[in-house]
Amino acid sequence: MGVPGLLGLAAWSFYVLVLAVQPHQAHGSIRGSFGLNKDAVASPENGLCASSVTVHGYKCEEHEVTTKDGYILSVQRIPEGRVGGTAGTKKQPVLIQHGVTVDGLTWLLNSPEQNLPLILADNGFDVWISNTRGTRLSRRHVSLVPSQPAFWNWSWDELVSFELPALFDYVYGQTGQKINYVGHSLGTLTALASFSEGKLVNQLKSAALLSPIAYLSHMKTALGNIAAKSFVGEIGRLFGLAEFNPKGEAGGDFLKFLCDNPGVDCSDLVTALTGKNCCLNSSTVDLFLMNEPQPTSIMNMVHLSQTVRNGVVAKYNYGRHDYNLMHYGEAMPPIYNLSNIPHDLPMFLSYGGQDALSDVLDVKHLLDDLKSHDVDKLSVQFIKDYAHADFIMGGNAKDVVYNQVVKFFNGQHL
């Protein structure tokens, strides 16, 4: 694995801190495909359906969802399992949200028997995979293009306010049913923040949060902590523009700067940033490196670094009281009060003992916020040997995690 690949992986690993999902008043379009394509490769320029789903014999549809702030998101729908289903049976929808600087492909890197979307489809669910704004399949806007800084004027706040609501509105409109949600990393942070503000909950049936990210004060990674401290002044000087592309020259320069810090060992970046993953196989990691990491906004990275440094889950801090007053009507950014999450919302949280990003102490802080949750509505799984990437690419994740997710979702339908 060369230095560029390693540096890109470092960026991904830090970004994997976060997963997002959001939607409000969405509209969209659809096209479908079904069939075997023996020549397809794991490169989604023609869409994730063609590259990673129909090649395995599953039906798959490419959808587009437009957010209220104008971003056009690529969404894939896998309406049934490989063997189909009972005609006329309404399948429960599941929306799956990835983390930061990756896209929906990361869920599909393992074989159909081992990846979460196809396991859910084979278990009778109607599966929807989102791709966050700025990633390769979601780089369109109704009036902006990625070369304009304004295209990148967003942080994970906008994922909470616009993207997740648009996705939920669209899936709910297509299916007419409440939605089961799966998030990993940043996809958990945006969901928790949304739930705390009462967003999505009327369209939500249940939520499964893998490697939940809320508090980041105990992140056990020297590289990640230095990155968090650097995404203040260094980031602006090195990048200037508003896109953070870890595969670009400026991204490589910044990551080299991080790796040159004393005490940072970049020889094994996956471990250095995500913890000691127990169960990744080399072929899946190779596929990952062929396709990731993906761009995000500098503003999003700065917001994540604020979460690390400040020890609270809050809206973006513009760094000046007058700017914060203009945006929020107060000098400091409002806090997302996670204890406001509805106490009767069914939630499943799964976290790992080796995770350097979703640290055990930080997850316990989150669970303390949820201490008033209805006991029969909160399920918690602790996996001693798991680290951050095991939850999406682990070779044994089906047996260890995904079967529990299926069981949890099925339990909501009784």
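The first residue of the sequence shown is numbered 1, and numbering continues consecutively from there. In what follows, every heavy atom counts, from backbone to side chain, and hydrogens, waters and symmetry copies are set aside.
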Just checking, is any N or O donor in the side chain of Gln203 or Asp169 under 3.5 Å from an acceptor N or O on the other one?
yes

So, Tyr336 and Asp157: side-chain donor and acceptor under 3.5 Å apart, yes or no?
yes

For Thr284 and Asn281, does a side-chain donor sit closer than 3.5 Å to a side-chain acceptor?
yes

Should the pair Trp156 and His303 be assigned to parallel (<30°), tilted (30 to 60°) or perpendicular (>60°) ring geometry?
parallel

Just verifying a value: how many Å separate Asn180 CG and Phe348 CZ, rounded to the nearest 0.5 Å?
13.0 Å

Are Leu349 and Gln381 close enough, and set up right, to give a side-chain contact (heavy atoms from CB on, under 4.5 Å), and what steps lead you there?
CA-CA 6 Å; Leu349 275 64; Gln381 179 189 38; over 6 Å; no

Expected output: side-chain Glu197 to main-chain Ala193 donor-acceptor under 3.5 Å
no

One should read off an interatomic distance between Ser358 OG and His388 NE2, to the nearest 0.5 angstrom, of 6.5 Å

Taking the side chain as every heavy atom from C-beta outward, state whether Asn300 and Glu158 have any atom pair closer than 4.5 Å.
no

Which atom names give the shortest non-hydrogen contact between Ser155 and Tyr316, and what distance separates them?
OG-CB, 4.0 Å

Check whether any side-chain heavy atom of Val312 sits under 4.5 Å from a side-chain heavy atom of Gln306, and report yes or no.
no

Do the side chains of Val405 and Leu210 get nearer than 4.5 Å, heavy atoms only?
yes

Are side-chain heavy atoms of Val94 and Trp128 found at a separation under 4.5 Å?
no

First locate atom CD1 of Ile78, then atom CG of Asp122, and finally report the distance between them rounded to the nearest 0.5 Å.
9.5 Å

Does a donor on one side chain sit under 3.5 Å from an acceptor on the other, for Ser138 and Asn131?
no

N-O pairing of Glu62 and Arg77 below 4.0 Å
no

Would you say the side chain of Leu209 lies within less than 4.5 Å of the side chain of Ser350, judging by non-hydrogen atoms?
no

Which word best sums up how the rings of Tyr181 and Phe168 line up, parallel for under 30°, tilted for 30 to 60°, or perpendicular for over 60°?
tilted

Does the Tyr328 side chain pair with the main chain of Asn317, one donor and one acceptor, at a distance under 3.5 Å?
no

Distance from Tyr386 atom OH to Tyr351 atom OH, nearest 0.5 Å?
16.0 Å

Before accepting this row, confirm whether a basic side-chain N of the pair Arg82/Glu113 lies closer than 4.0 Å to the acidic partner's carboxylate O.
yes

Taking it one step at a time, do Ile383 and Phe391 satisfy side-chain contact (heavy atoms from CB on, under 4.5 Å)?
CA-CA 10 Å; Ile383 308 168; Phe391 286 91; 3.9 Å; yes

Looking only at non-hydrogen atoms, find the nearest pair between Thr188 and Ser211 and report the distance.
OG1-O, 4.0 Å

Roughly how far apart are Ile129 CD1 and Leu137 CG, rounded to 0.5 Å?
11.0 Å

Among Thr106, Leu280, Asn277, which residue satisfies the side chain to side chain contact (heavy atoms under 4.5 Å, CB included) criterion with Met393?
Leu280

Gln114 side chain to Gly395 backbone, donor-acceptor under 3.5 Å:
yes

Closest non-hydrogen atom pair, Val360 against Gly353:
CG2-CA, 4.0 Å

Determine whether Asp369 and Ser339 satisfy the following criterion, side chain to side chain donor-acceptor pair (under 3.5 Å), listing intermediate values before the conclusion.
CA-CA 5 Å; Asp369 281 349; Ser339 64; 5.9 Å; no

Over all heavy atoms of both residues, which pair between Ser379 and Phe408 is shortest? Give the atoms and the distance, please.
OG-CD1, 4.4 Å

Under the side chain to side chain donor-acceptor pair (under 3.5 Å) rule, what do Tyr402 and Asn115 come out as? Steps first, then yes or no, please.
CA-CA 8 Å; Tyr402 301 161; Asn115 76 60; over 6 Å; no

How close do Thr66 and Ile72 get, heavy atom to heavy atom, and via which atoms?
OG1-CG1, 3.9 Å

Go through Thr67 and Leu73 one step at a time and tell me if the side-chain contact (heavy atoms from CB on, under 4.5 Å) criterion holds.
CA-CA 8 Å; Thr67 67; Leu73 310 176; 3.8 Å; yes

Could you check whether any side-chain heavy atom of Ser282 comes within less than 4.5 Å of a side-chain heavy atom of Val285, counting everything from C-beta outward?
no

Phe409 versus Asn123: any side-chain heavy-atom pair under 4.5 Å?
no

On the 0 to 90° scale, with breaks at 30° and 60°, tag the His327-Tyr318 ring pair as parallel, tilted or perpendicular.
parallel

Does Asp355 use its side chain to pair, donor to acceptor, with the backbone of Leu357 at less than 3.5 Å?
yes

The test is side chain to side chain donor-acceptor pair (under 3.5 Å); show your working for Ser74 and Gln76 and say whether it passes.
CA-CA 7 Å; Ser74 171; Gln76 289 71 44; 2.9 Å; yes

Under 4.0 Å between a side-chain nitrogen and a carboxylate oxygen: does that hold for Arg133 and Asp69?
yes

Between Arg139 and Glu243, is the closest basic N to carboxylate O distance under 4.0 Å?
yes

Any donor-acceptor pair under 3.5 Å from Asp390 side chain to Cys278 backbone
yes

Walk me through it: do Lys59 and Thr54 pass the test side-chain contact (heavy atoms from CB on, under 4.5 Å)?
CA-CA 6 Å; Lys59 290 182 181 178; Thr54 59; over 6 Å; no

Can you measure from NZ (Lys315) to OG (Ser161) and round to the nearest 0.5 angstrom?
5.0 Å

Do the non-hydrogen side-chain atoms of His373 and Asp344 ever get within less than 4.5 Å of each other?
no

Please give me the minimum heavy-atom distance between Lys91 and Gln177, naming the atom from each residue.
O-NE2, 2.8 Å

Can you see whether Tyr323 has Arg320 sitting over its ring - NZ or CZ less than 6.0 Å from the centre and within 45° of the normal?
yes

